[in-house]
Number of protein chains: 2
Amino acid sequence: MPKPTFFNLPEEKRKRILDVAMDEFATYPYSKASLSNIVARAGIAKGSMYQYFDDKKDLYTYILDLAAQEKMSYVKRELDQKTDFFTTFERLMAAGTRFNLEHPQLGQVVANALDVPGEGLLHELYSKGREMTIEFFEHMLKEGMEKGEIRGNIDPRLAATLMYSLVGQGLADYLLETLGVTMHEYLANPEISQKLTPERIEYVVTEVMKILRSGFEAQK
Amino acid sequence: MPKPTFFNLPEEKRKRILDVAMDEFATYPYSKASLSNIVARAGIAKGSMYQYFDDKKDLYTYILDLAAQEKMSYVKRELDQKTDFFTTFERLMAAGTRFNLEHPQLGQVVANALDVPGEGLLHELYSKGREMTIEFFEHMLKEGMEKGEIRGNIDPRLAATLMYSLVGQGLADYLLETLGVTMHEYLANPEISQKLTPERIEYVVTEVMKILRSGFEAQK
DNA sequence: TGGTCATATGACTTCATGGTCATATTATAT
DNA sequence: ATATAATATGACCATGAAGTCATATGACCA
């Protein structure tokens, strides 16, 4: 957790530090991301950083937490309207993918979380997020089963894991690939994002759902 | 590429170096893996390492290449018998998962390949592998479509990408999770692998196929 | 035996990192 | 104006990394 001093900082400064740090952690994996680099680019002294955060890991986990929260709140908005399983999942997938493309930095920060320092306290954080998401999907599936939308003869836990691997970075990667662009190039050239219209995202998600729907759906 | 000297080395020594290096690169992400550590554990001098390899990256790419080749040849064995799309894919998935669990180090080395040094030559290597695999799946799908096994109204490229995200680490992770074990713990305690019987792997793969089959299959 | 070539060595250099700390600056309150 | 507390600073430190190189060792052939 940041020290109190950090929260006393003028908004502008605080934001600048977080922005620079986020950019660094999005660009490099944890062990290669450089504090010296961050403070230089943020225009503050090395020592100041240690007035705000305990250490590198403290800064990183804070950033990671912010990123996760933002994505969560973005995606959760899709859950307002109660509809059937497939529509809900389709919306979640679309929202997740949109978010990853609109905030590529945040997505990258989360993806880079896998670079654990030795054995991982950070890995734990990442697993926690994965765990929560999978559990949520599992719940969705069970509900869908009760309602008769989902066929009853599949292992919900396993199916939830499959769903998770889809909602992650996968689809975003595919979309970028259709543009012939890597994540790094995408991060460096923000204007590319204009080529990825919501319609295009929607299309891909619908295609995926076409496949999944008949896989999950209860036999009529 | 290793220097000629490396290939002149006695088999035993060469193997020892590769083993230690592989273990290091499986344990730590590229930027944290330490040459000094490797040479110490392999019982050779730092300088010797530079008689064998140009630099750290040279050693790493060589290891990565070996890992990829081994996995390839392991998985490709499943392709001997010509059968239908679903059986083939099921076998591939099972083989891939089995391999990941039998050689967790190799799998980890590949997974750690994502930790690119800055912007990535290594990433390129990783993408190449991904690309090849996806193209292979795409080919499989198209063939299945022609034979009428796969319905014709899905985007083969997209479907291939989905398949890829499944064959990767995903299933292995799921299996470990059912044992309440992380990859790191699994690497540290090889005896755990005995709990993962081929039957258990087969079961999970079959479950996944149950879902996918009706998703991909041509309407009868 | 002497000479030549491949291999082995580890002290050393260079460099960047995370982290510290005594000191300087600024803001606040009296 | 003065005292006190909060914040800012960057030279500095310890550490460990990748990579170098002059020298030593050993193998093989004449």
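On a predicted model such as this, the values are computed, not experimentally measured, just so you know. All chains are named by letter (A, B, ...) in the order of the sequence lines, taking the proteins before the strands, and each is independently numbered beginning at 1.
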* To do: Using heavy atoms and a sub-4.0 Å distance, could you list which residues of residues 1-14 of chain A are near DNA chain D? By number, please.
  =>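 Listed by number, they are T5(A), N8(A), L9(A), K13(A).
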
* Asked: Got a sec, which pairs hit side-chain hydrogen bond (donor to acceptor under 3.5 Å, both in side chains) with one end in residues 42-55 of chain B, sequence neighbours left out?
  ->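 Listed by first then second residue: S36(B)-K46(B).
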
Got a sec, which residues hit salt bridge (Lys or Arg N to Asp or Glu O under 4.0 Å) with [X], two or more places apart in sequence or on another chain?
{"X": "E143(B)", "value": "none"}
{"X": "E202(A)", "value": "none"}
{"X": "K76(B)", "value": "none"}
{"X": "E24(B)", "value": "R41(B)"}

* Asked: Do you know which two heavy atoms are closest between A159(A) and I154(A), and how far apart they sit?
  ->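 Closest heavy-atom pair between A159(A) and I154(A): CB-CD1, 4.3 Å.
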
* To do: Using whole Å, report how far CE of M49(A) lies from P of dG10(D).
  =>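 After rounding, the reported distance stands at 15 Å.
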
* To do: For DNA chain C, determine which residues of residues 16-26 of chain A have any heavy atom closer than 4.0 angstrom to one of its atoms, and list them numerically.
  =>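 By residue number: none to list.
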
* Asked: At under 4.0 Å, does any side-chain N or O of Y52(A) touch on OP1 or OP2 of dT7(D)?
  ->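 No, Y52(A) has no side-chain N/O under 4.0 Å of OP1/OP2 on dT7(D).
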
* To do: Could you list all the salt bridge (charged side-chain N to carboxylate O under 4.0 Å, His left out) pairs where at least one residue sits in residues 102-112 of chain B, not counting sequence neighbours?
  =>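 Salt bridge (charged side-chain N to carboxylate O under 4.0 Å, His left out) check on residues 102-112 of chain B returns no pairs.
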
* Asked: Do Y164(A) and F137(A) pass the ring-ring contact (aromatic ring centres under 6.0 Å, His included) test, and can you show the C-alpha distance, the side-chain angles, and the key distance before you say yes or no?
  -> CA-CA 8 Å; Y164(A) 177 80; F137(A) 284 152; 7.4 Å; no

* T61(B) OG1 to L64(B) CG distance, which is reported to the nearest 0.5 Å ->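 Here the interatomic distance stands at 7.5 Å.
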
* Reported CG-to-CG distance for the pair L179(A) and L196(A), which is rounded to 0.5 angstrom ->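 The CG atom of L179(A) sits 4.5 Å away from the CG atom of L196(A).
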
* Using a distance-only test with no angle check, is there a side-chain donor-acceptor pair under 3.5 angstrom linking R157(A) and T178(B)? ->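 No pair is found: no donor N or O on one side chain lies under 3.5 Å from an acceptor on the other.
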
* Asked: Going by distance alone, is a donor N or O of one side chain under 3.5 Å from an acceptor N or O of the other, for Q69(B) and D65(B)?
  ->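 Present: a donor and an acceptor within the cut-off.
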
* Asked: Is K56(A) close enough and on-axis enough to Y30(A), meaning under 6.0 Å and within 45°, for cation-pi?
  ->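 Yes - K56(A) lies over the ring of Y30(A), closer than 6.0 Å to its centre and within 45° of its axis.
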
* For every nucleotide of nucleotides 15-25 of chain D, 5' to 3': is a protein heavy atom under 4.0 Å from its base (B), only from its sugar-phosphate (S), or from neither (-)? -> --SBBBB----

* List DNA chain D stems (3 or more consecutive Watson-Crick/G-U pairs, under 3.5 Å)? ->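 Stem list for DNA chain D: C:1-30 with D:1-30.
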
Using nucleotides 27-30 of chain C, report all nitrogen or oxygen pairs with the protein that are shorter than 3.5 Å.
none

* To do: Please work out whether the ring planes of F53(A) and F6(A) are parallel, tilted or perpendicular, with thresholds of 30° and 60°.
  =>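 F53(A) vs F6(A) ring planes: tilted.
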
* To do: Apply side chain to side chain donor-acceptor pair (under 3.5 Å) to T88(A) and list each qualifying residue two or more places apart in sequence or on a separate chain.
  =>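 By the side chain to side chain donor-acceptor pair (under 3.5 Å) rule, T88(A) matches T83(A).
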
